[in-house]
Amino acid sequence: MRQFNLTLAALATTTGLVAAQSKAAIEKQLQANGLNIALLNSTINGPLATTDCSLLCSTINLFYPNRILTQNEAAFTNWTESFWSQQQEVVTPRCVFEPTSAVEVSSALLLAELFSCPFAVKSGGHAAFGGSSNIENGLSISLGGLDEIVLSDDQSVVSIGSGNIWVDIYDYLEEYSLAVIGGRVSTIGVGGLTTGGIFIANVETSAPGGISFFSQEYGWACDNVVNYEVVLASGIVVDVNIDSYPDLYWALRGGGNNFGIVTRFELSTIQQGFLWSGSLIYLSEYTTDAIDAFYNYGLNAASDPKSAVIMNWAYDEGMFLAVADLEYANTTVNPPIFQNFTVIPTVENTMANRTLSEVTDMFQESNPDGLRESYWTATFRLSKDMIAFLVDTFEEEAIRAANATGYIPALVLQIISTDMTTQMQKNGGNALGLSPVDGNLILLNLSFMWDDIADDNLILDILGTITNKSIAYAKENCLYKEYLYMNYASQYQAVLPSYGTENFNKLKDVSAKYDPFQVFQKLQPGYFKLSSQPPNTTYPTYD
Ligand SMILES: Cc1cc2nc3c(=O)[nH]c(=O)nc-3n(C[C@H](O)[C@H](O)[C@H](O)COP(=O)(O)OP(=O)(O)OC[C@H]3O[C@@H](n4cnc5c(N)ncnc54)[C@H](O)[C@@H]3O)c2cc1C
Ligand SMILES: *[C@@H]1O[C@H](CO)[C@@H](O)[C@H](O)[C@H]1NC(C)=O
Ligand SMILES: *[C@@H]1O[C@H](CO)[C@@H](O)[C@H](O)[C@H]1NC(C)=O
Ligand SMILES: *[C@@H]1O[C@H](CO)[C@@H](O)[C@H](O)[C@H]1NC(C)=O
Ligand SMILES: *[C@@H]1O[C@H](CO)[C@@H](O)[C@H](O)[C@H]1NC(C)=O
Ligand SMILES: *[C@@H]1O[C@H](CO)[C@@H](O)[C@H](O)[C@H]1NC(C)=O
Ligand SMILES: *[C@@H]1O[C@H](CO)[C@@H](O)[C@H](O)[C@H]1NC(C)=O
Ligand SMILES: *[C@@H]1O[C@H](CO)[C@@H](O)[C@H](O)[C@H]1NC(C)=O
Ligand SMILES: *[C@@H]1O[C@H](CO)[C@@H](O)[C@H](O)[C@H]1NC(C)=O
Ligand SMILES: *[C@@H]1O[C@H](CO)[C@@H](O)[C@H](O)[C@H]1NC(C)=O
C-alpha cells in the first residue's frame, strides 16, 4: 500500500497545480460530510497516473456509486451532447459526477483537491467557448441533480437548486402569477447566469449579472439573489447574504465561478402575468429607421421601466435583416415607448400576449444546440453615430464569411439604462463597476453561429476585427466605457479587470480570504479567472 502523504506530495510536485489545504483538513471535512474515509486507502493502491484523474473518478464512484459517468457509457455521450455549443461538446472529461446535494458537491470538490485533479462545473451548459463548464481529462461536476424549486410560505422568495434551467422556474411560478429575474432563453442554466451578472433587458445563470426582461424595473439577476448557498474551497457549505458574508455576497454578484460552487439561489419573486412581446423584422432598407428607433429608445428607456428591447442585426440566406425584440411587462398593446419601432414597415410581426415561459421558448428557437458559437462584447456610451458605426462595421466584416456553412452572424445591442444601474446599487451594490453616472450605455453582444471548424479562424478574425474597430472608434470619440459583460464575453477578453482596478483588487482580496489555497484559480482553470489575462492568450490569426 502506498503512503498517502507521499502520494499527495508527489502529485502536487508533478502537476504543480495546487497547494491544497492539508490532507488532515480535507479528511476531517470529508468525515464531517459522512464519508467513511478508511475507504480512501483502498483506492490509493498501485501506481498513480498523475496526468489523469481516473483515480479520483474511481474514488468518487466508491463513495457515490452510480453517480459517476465514464467515457464508454451512453449516458456519458448524452451528457457531452447536452452543451449548447459544439466547442464545449467536443471536450472530453475523464468522468462526470452528478451530485444531488450540496454535501455531495463538497465531497467531490475536496476529493478533487486531494487528488490535485482539475475540475469544471456545469449548470445549464450555455457558456459558449470550450472549457467554460467542461474540462478535458478532468472531473466535470454536473449540477443537474440540484433541481429543487421551493416557494416560501409568503411567496416572496423562491429557493432554486443551481442545476435548474430558467423555464422550469418560470413554469412553476406562473401558477402563482409570479416570476423571477432570470434568463431570456428557456434552457439557460441558473448557475452561470446569476454568477456572471445577469443582465436582463426587462426578464438567463453563470453571468456576473444576468440580463432579463425585467432588469430596468428590478436590476440584473445578480441583484435579486437574497441568499446564495455556496460550497467554499474548504468544503464547508455556507449561506451567503448581505448579513452573513457581505464581502463574499458582493463578489458573487458578478464575480463568476471564482469564489465557490453555488448550490442554491434564493431569489426575490415579482408579480408577473402576460407580457406583450414578440419580434418585428425589417428589411435592410429600413436600417436607418431602426437605428433611430433604437437610439431614441435608449434615451427614453428609463422613462418606462416595464419596457425591454433587444435590437438585432443579422445576416441570413444572403440578406441583412434587422430584428427588434420587444417585451413589455404587462398586456398593454403597442405601448407608446415602442411607437418608433412599430411605425417602421415590417416583413414579419409576431407581437402577442405571452407568458414568460412562452417568451423564453420563442428565444430558444433562434438558439439551436450543437453549432459552433462565439460571443464577443464591449460597452459604449449611447450615441447614434456609435450605433451606425457598429452596424456598418458588422455588415462590412460579416460578409467576408458569407459562404461558411450554417453561418448566422448577429450584432445584438441592448441598452444598460440608468434605471438598471440604479437598481444595481441595492443590497450593497455588485462587483460590476457600473453606476448611473455613466448615463445610458449600449451593451454589445456579437453572437456568431457556424457549422465547420475549418471556418473558425476566419470567423474569429471577423469578430476580433469588429470588436477592435468599434473600441477604437469609441475611444476616439469619447464613447468607450471599459466594462465587459461576462455572459457575452469571448475567451480572448479579460473580463474581471474591466470592472475597474478597485473592484478587481477587492475581488482578489475576497478570493484570498475565502479560498486561501486558490483552489478555484488553479484547479478550476476554465472561464474568467482573477487574472489580468483572458482565458485564451493566443489571439486567433488569419491571413
Ligand atoms: C442562447 C443564449 C441566450 C442567453 N441569454 C441571456 C440573457 O438573456 N441574459 C443574460 O444575462 N445572459 C444570457 N446568456 C448568457 C448566459 O447567461 C451565459 O452563457 C451563462 O454563463 C449561462 O449559464 P449556464 O448555467 O447555462 O452556463 P454553464 O456553461 O453551465 O456555466 C457558465 C459558467 O458558470 C459557472 N457556473 C455555473 N453554475 C455555477 C454555480 N452553481 N456555481 C459556480 N459557478 C457556476 C460554470 O462553471 C461556468 O464557468 C445567454 C446565452 C445563450 C447561449
Ligand atoms: C491508511 O492506511 C495507513 C497505513 O495502513 C493507516 O495508518 C491510516 O490510518 C489509514 N487511513 C485511513 C484514513 O484509514
Ligand atoms: C440518451 O438520450 C436519449 C435521448 O434523449 C435517451 O432516449 C436515452 O435514454 C439516453 N441514454 C442514457 C443511457 O441516458
Ligand atoms: C392582450 O391582452 C390585452 C389585455 O388583456 C387585450 O386587450 C388584447 O386584446 C390582447 N391582445 C392579443 C393580441 O391577444
Ligand atoms: C401596464 O403598466 C403601465 C405602466 O406601469 C400602466 O400604466 C398600465 O396601466 C398597465 N397596463 C395593464 C394592462 O396592466
Ligand atoms: C421617437 O423618436 C422621436 C424622434 O424621431 C423622438 O423625439 C421620440 O422621443 C421617440 N419616442 C420614444 C418613445 O422613444
Ligand atoms: C461565395 O461564393 C460565391 C459563389 O461561389 C462567390 O462568387 C463569392 O465570391 C464567395 N464569397 C466570398 C465572400 O467568399
Ligand atoms: C446575443 O445575441 C444572440 C443573437 O440574437 C441571442 O440569441 C443571444 O440570446 C444573445 N445573448 C445573450 C447572452 O443575450
Ligand atoms: C485586436 O486587438 C488585439 C489587442 O490589441 C490584437 O492582439 C489583435 O490582433 C487584434 N485583432 C484583430 C483581428 O485585429
Ligand atoms: C486559443 O486560441 C487559438 C486561436 O484560435 C487556438 O488555436 C487555440 O487552440 C486556443 N487555445 C485553447 C487552449 O483553446
Side-chain angles (χ1 to χ4, degrees), residues 83-85 88 105 119-128 131-134 140-143 146 161-166 182-201 203-213 215 220-222 228 230-231 252 256-265 289 292-301 303-304 307 310 335-341 343 360 363-364 366-369 373 375 414 445 447 460-469 471-472 485-488 492 520 524 526-528 539-542:
F83 286 90
W84 177 61
S85 76
Q88 289 241 81
V105 172
F119 64 91
V121 175
K122 178 198 179 216
S123 172
H126 271 71
S132 295
S133 40
N134 196 5
S140 288
I141 301 174
S142 185
L143 301 176
L146 304 176
S162 56
N164 278 292
I165 57 173
W166 289 107
R184 287 180 298 212
V185 175
S186 52
T187 54
I188 307 284
V190 298
L193 186 107
T194 26
T195 50
I198 303 196
F199 170 61
I200 309 174
V203 184
E204 205 169 266
T205 61
S206 82
I211 311 183
S212 92
F213 298 121
S215 290
W220 291 8
C222 65
Y228 295 86
V230 183
V231 179
L252 284 168
N257 67 8
N258 292 297
F259 302 94
I261 304 177
V262 179
T263 44
R264 196 159 52 81
F265 296 90
D289 304 82
D292 283 346
F294 183 68
Y295 169 70
N296 280 297
Y297 172 74
L299 293 180
N300 296 316
S303 73
D304 195 336
S307 67
I310 308 175
I337 188 81
F338 293 155
Q339 242 162 37
N340 286 336
F341 294 99
V343 296
T360 60
F363 275 100
Q364 179 74 20
S366 52
N367 290 284
D369 287 4
E373 307 277 355
Y375 275 12
Q414 297 173 71
N445 160 19
S447 154
L460 291 174
D461 186 65
I462 290 172
L463 284 157
T465 306
I466 299 171
T467 307
N468 282 6
K469 283 186 174 173
I471 291 174
Y485 179 44
M486 186 181 288
N487 289 343
Y488 298 176
Y492 306 104
F520 291 107
Q524 188 195 32
Y527 216 50
F528 300 99
Y539 209 86
T541 50
Y542 180 80

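Counting starts at 1 for both ligands and their atoms, in listed order.
If you check each of L299, N300, D292 against atom 14 (O) of ligand 6, the one with the closest non-hydrogen atom is N300. In this structure, of I462, T541, N468, the residue bringing a heavy atom nearest to atom 3 (C) of ligand 9 is N468. Around atom 42 (N) of ligand 1, the closest heavy atom drawn from V230, I141, V262, I310 belongs to V262.
For atom 11 (N) of ligand 9, the nearest protein heavy atom is under 4.0 Å away.
Those atoms of ligand 1 that come under 4.0 Å of a heavy atom in K122, given as number and element, are 30 (O). Heavy-atom proximity to D461, at under 4.0 Å, picks out these atoms of ligand 9: 13 (C). Ligand-side atoms of ligand 9 in range of T465: 13 (C), range being under 4.0 angstrom from any heavy atom.
Ranking protein heavy atoms by distance to atom 2 (O) of ligand 6, first place goes to N340 ND2, 2.4 Å. The protein heavy-atom contact nearest to atom 4 (C) of ligand 6 is N296 ND2, 3.7 Å. In terms of protein heavy atoms, atom 9 (O) of ligand 9 is closest to Y539 CD2, 3.7 Å.
The side chain of L143, and not its backbone, has at least one atom closer than 4.0 Å to an atom of ligand 1 (non-hydrogen atoms only; side chain from C-beta on). With a 4.0 Å cut-off on non-hydrogen atoms, F83 does not touch ligand 1 at all.
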